[in-house]
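As structure tokens, the structure follows; a few thoughts come after it.
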Amino acid sequence: MPGQRKRRERELRRRADSWQGPWETVFETQDPEEWRAYLSRIRAEGRYPDESRLRYDVLCGRLASPTTYRLSVPAVAPPR
């Protein structure tokens, strides 16, 4: 298929640059308005200057559990 090589290479670069260690949840909510307000507030404060290191998760809900929004940062590994 046309463009498949580019997509595959882009995905490999993205995986190579991504954090492989544990993640620490910073914020979690089920309210989409609260989620947007929190994101705009941390962007205005400049709390995380490198947003590429953040992980935004939207866990899709069903009838039993509502949709959950979660912001995580890479956890610092404890010194050995």
Side-chain angles (χ1 to χ4, degrees):
M1 292 190 82
Q4 186 171 2
R5 178 184 293 171
K6 286 182 183 180
R7 283 192 299 272
R8 190 178 325 130
E9 290 172 355
R10 185 174 56 233
E11 183 64 30
L12 288 173
R13 279 194 308 272
R14 187 180 310 148
R15 286 184 190 161
D17 293 342
S18 67
W19 171 255
Q20 299 297 321
W23 292 87
E24 178 183 345
T25 301
V26 177
F27 181 75
E28 186 172 340
T29 185
Q30 294 177 350
D31 181 20
E33 293 299 322
E34 185 180 9
W35 171 250
R36 284 191 281 277
Y38 182 79
L39 291 180
S40 64
R41 187 171 61 244
I42 66 168
R43 286 180 180 139
E45 293 173 359
R47 189 178 305 177
Y48 301 105
D50 185 12
E51 283 196 39
S52 66
R53 303 291 293 170
L54 300 178
R55 187 170 87 180
Y56 304 95
D57 294 320
V58 179
L59 308 173
C60 295
R62 296 286 186 255
L63 294 175
S65 61
T67 302
T68 303
Y69 304 90
R70 183 183 302 159
L71 177 68
S72 302
V73 296
V76 178
R80 293 183 183 190

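From a predicted model like this one, the values you see are computed outputs, not experimental measurements. Throughout, numbering of the chain's residues begins at 1 and tracks the sequence.
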Can you name the side chain to side chain donor-acceptor pair (under 3.5 Å) partners of [X], sequence neighbours left out?
X	result
T29	E34
E51	R43, Y56
R47	Y38, E45

remark   = Sorted by chain and residue number, the side chain to side chain contact (heavy atoms under 4.5 Å, CB included) partners of P32 (sequence neighbours excluded) come out as R36, Y69

request  = Compare every heavy atom of T67 with every heavy atom of G61, then report the nearest pair and how far apart it is.
outcome  = N-OG1, 3.3 Å

note = When every non-hydrogen atom of P74 is compared with those of R53, the smallest separation belongs to CD-O, 3.2 Å

ask   = Between V26 and L54, is a side-chain contact (heavy atoms from CB on, under 4.5 Å) present by the stated rule, with each step listed?
value = CA-CA 10 Å; V26 177; L54 300 178; over 6 Å; no

task = Could you pull out all residues at least two apart from D57 that satisfy salt bridge (Lys or Arg N to Asp or Glu O under 4.0 Å)?
result = R55

With E28 via salt bridge (Lys or Arg N to Asp or Glu O under 4.0 Å) - residues at least two apart = R70

key: Joint cluster assignment, L59 & W23, ILVMFWY side-chain distance < 4.5 Å   = no

